[in-house]
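To start, the structure itself, in structure tokens.
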Amino acid sequence: MTQLSDFLPGEAIRLDVRAADWREAIGVAGGLMVAAGVATEDYTAEMIANVEDNGPYIVIAPGLAFAHARPSPAVLRTGMSWVRLAEPVEFGHESNDPVELVVALAAKDSAAHTSAMAALARLLGDPDTAAALEAAPTPEALLAILTGGAEPGPAAAPAPAAESAPAAESASSAAPASSLHKILTVCGNGVGTSLFLKNTLEQVLDRWKWSKFVTVEATDTISAKGKASEAVALLTSREIAKTLGDVGRPVKVVQDFTSTAEVDAALRDIYDVDTPDADTRATDTRATDTRATDTHDA
């Protein structure tokens, strides 16, 4: 299985970088991938153009931007970079600005880095690990946390589950009884942010014990329009939802792609599963909204 360290070497990590704006922040992240032989300078321009064309959907969680573009000749090999900013910058996202961390990806295709993205999504979705990464004093220390070589901290407690046992049992009892269902997670290119959302949704499905009933596919906006008829619903960002328009299936907007609580709420809305009572609902400290809205509310 591909590991994060296969794509993110220590020399592609820079901490406490000063950037005047979001373009400069992405430029620093792109420059690290150029120096590492991952991509050419053209790819940095493509990442910036992606935001200019599709909006700040790459800001997938509070303070976190996942910069990327489509696979292109500018990508020499699959790789990543990590830029922690000294001062946060605005990307124009209405709920997740300002951004303090820019993680950039250059992908040769949509498959090779899938397991590494899933691992990264789980790490960034855990509050204790996210705090440890924010406080890491050196690139070496940060990489050790990412690869499991260091504990998040002496007082770190286990992250709370997305839902309590009674809530999971309630969802399990309402599982689809017919043939396998599909849910699409959608981003502009199908190789980056949609994989984060796919992983979070799969965590919720596992906790509901629905994984054998529902499959999740990460895809891009163009492909999603053609595949929508195969799915029961699509999950995406507000910006991409506007680009998709009416695809004949429910489109649910998720603000924080690492929030199991928000994705749990979206899944309950799709399948009309009751939300657990307040005293049984688990807390998700990264949740920015208690319920995802559909395209008509965007």
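Index from 1, following the sequence. No hydrogens, no waters, no symmetry mates; every other heavy atom, side chains included, goes into these values.
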Taking all atoms of both residues into account, what is the closest heavy-atom pair of [X] and [Y], and its distance?
| X | Y | result |
| --- | --- | --- |
| Tyr57 | Ser237 | CB-OG, 3.3 Å |
| Ser5 | Thr147 | CB-CG2, 3.7 Å |
| Met47 | Gly30 | CE-CA, 3.7 Å |
| Asp97 | Gly92 | OD2-N, 2.6 Å |
| Gly125 | Pro127 | O-CD, 3.5 Å |
| Pro56 | His93 | O-CD2, 3.3 Å |

Contact between [X] and [Y] at the side-chain level, heavy atoms closer than 4.5 Å - yes or no?
| X | Y | answer |
| --- | --- | --- |
| Phe91 | Val102 | yes |
| Leu120 | Leu146 | yes |
| Leu234 | Val247 | yes |
| Leu267 | Ile183 | yes |
| Pro139 | Leu15 | yes |
| Glu24 | Arg18 | no |
| Lys227 | Leu184 | yes |
| Ile60 | Asn96 | no |

Taking [Y] as the starting point, is it possible to reach [X] by hopping between hydrophobic residues whose side chains are less than 4.5 Å apart?
| X | Y | result |
| --- | --- | --- |
| Val17 | Leu32 | yes |
| Val34 | Leu105 | no |
| Met33 | Leu76 | no |

Criterion side chain to side chain contact (heavy atoms under 4.5 Å, CB included) on Val99 and Val59, from CA distance to verdict: CA-CA 8 Å; Val99 168; Val59 186; 3.7 Å; yes
Is it true that [X] and [Y] have a side-chain N and a carboxylate O under 4.0 angstrom from each other?
| X | Y | result |
| --- | --- | --- |
| Glu217 | Lys198 | no |
| Arg23 | Glu52 | yes |
| Asp264 | Arg268 | yes |

Chi angles and distances behind the side chain to side chain contact (heavy atoms under 4.5 Å, CB included) call for Val214, Lys182: CA-CA 6 Å; Val214 182; Lys182 178 188 288 187; over 6 Å; no
Derivation of the side chain to side chain contact (heavy atoms under 4.5 Å, CB included) call for Val273 and Trp208: CA-CA 11 Å; Val273 175; Trp208 283 26; 4.3 Å; yes
Measure the [atom1]-[atom2] distance between [X] and [Y] for me, rounded to the nearest 0.5 Å.
| X | Y | atom1 | atom2 | result |
| --- | --- | --- | --- | --- |
| Ile26 | Thr44 | CD1 | OG1 | 9.5 Å |
| Cys187 | Phe196 | SG | CZ | 11.0 Å |
| Ile270 | Asp272 | CD1 | CG | 11.5 Å |
| Asp206 | Lys212 | CG | NZ | 12.5 Å |
| Asn54 | Thr221 | CG | OG1 | 6.5 Å |
| Leu195 | Thr185 | CG | OG1 | 7.0 Å |

Kindly write out the residues that satisfy ring-ring contact (aromatic ring centres under 6.0 Å, His included) with Tyr43, not counting sequence neighbours, or none if the list is empty.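 With sequence neighbours excluded, Tyr43 shows a ring-ring contact (aromatic ring centres under 6.0 Å, His included) to no residue whatsoever.
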Take atom CD in Glu134; do more than 12 heavy atoms of anything else shown fall under 6.0 Å from it?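 No, not enclosed.
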Is the number of heavy atoms from other residues, nucleotides or ligands within 6.0 Å of CD (Glu90) greater than 12? yes
Full working for side-chain hydrogen bond (donor to acceptor under 3.5 Å, both in side chains) between Glu202 and Ser211: CA-CA 7 Å; Glu202 288 176 338; Ser211 297; over 6 Å; no
Test Trp82 against every option in Leu4, Leu133, Leu143 by the side chain to side chain contact (heavy atoms under 4.5 Å, CB included) rule and name the one that passes.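 When side chain to side chain contact (heavy atoms under 4.5 Å, CB included) is applied between Trp82 and each of Leu4, Leu133, Leu143, only Leu133 qualifies.
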Let me know which of Thr258, Thr200, Asn199 forms a side chain to side chain contact (heavy atoms under 4.5 Å, CB included) with Val263.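 Going through the options one by one, the only one that passes is Thr200.
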Does the [X] side chain pair with the main chain of [Y], one donor and one acceptor, at a distance under 3.5 Å?
| X | Y | result |
| --- | --- | --- |
| Ser81 | Ala29 | yes |
| Arg249 | Ala231 | yes |
| Thr193 | Ile58 | no |
| Arg238 | Glu94 | no |

Does the side chain of Ser95 pick up a donor-acceptor pair with the side chain of Gln255 at under 3.5 Å?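 Yes.
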No-hydrogen, no-angle side-chain donor-acceptor test under 3.5 Å, Ser259 and Asp256: no
In terms of the angle between their ring planes, are His68 and Phe66 parallel, tilted or perpendicular, with boundaries placed at 30° and 60°? tilted
With ring centroids as reference points, do His181 and Tyr271 lie under 6.0 angstrom apart?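 That pair passes the under 6.0 Å test.
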Would Arg70 and Asp220 satisfy side chain to side chain contact (heavy atoms under 4.5 Å, CB included), going step by step from the backbone distance to the final call? CA-CA 9 Å; Arg70 292 182 180 276; Asp220 62 278; 3.8 Å; yes
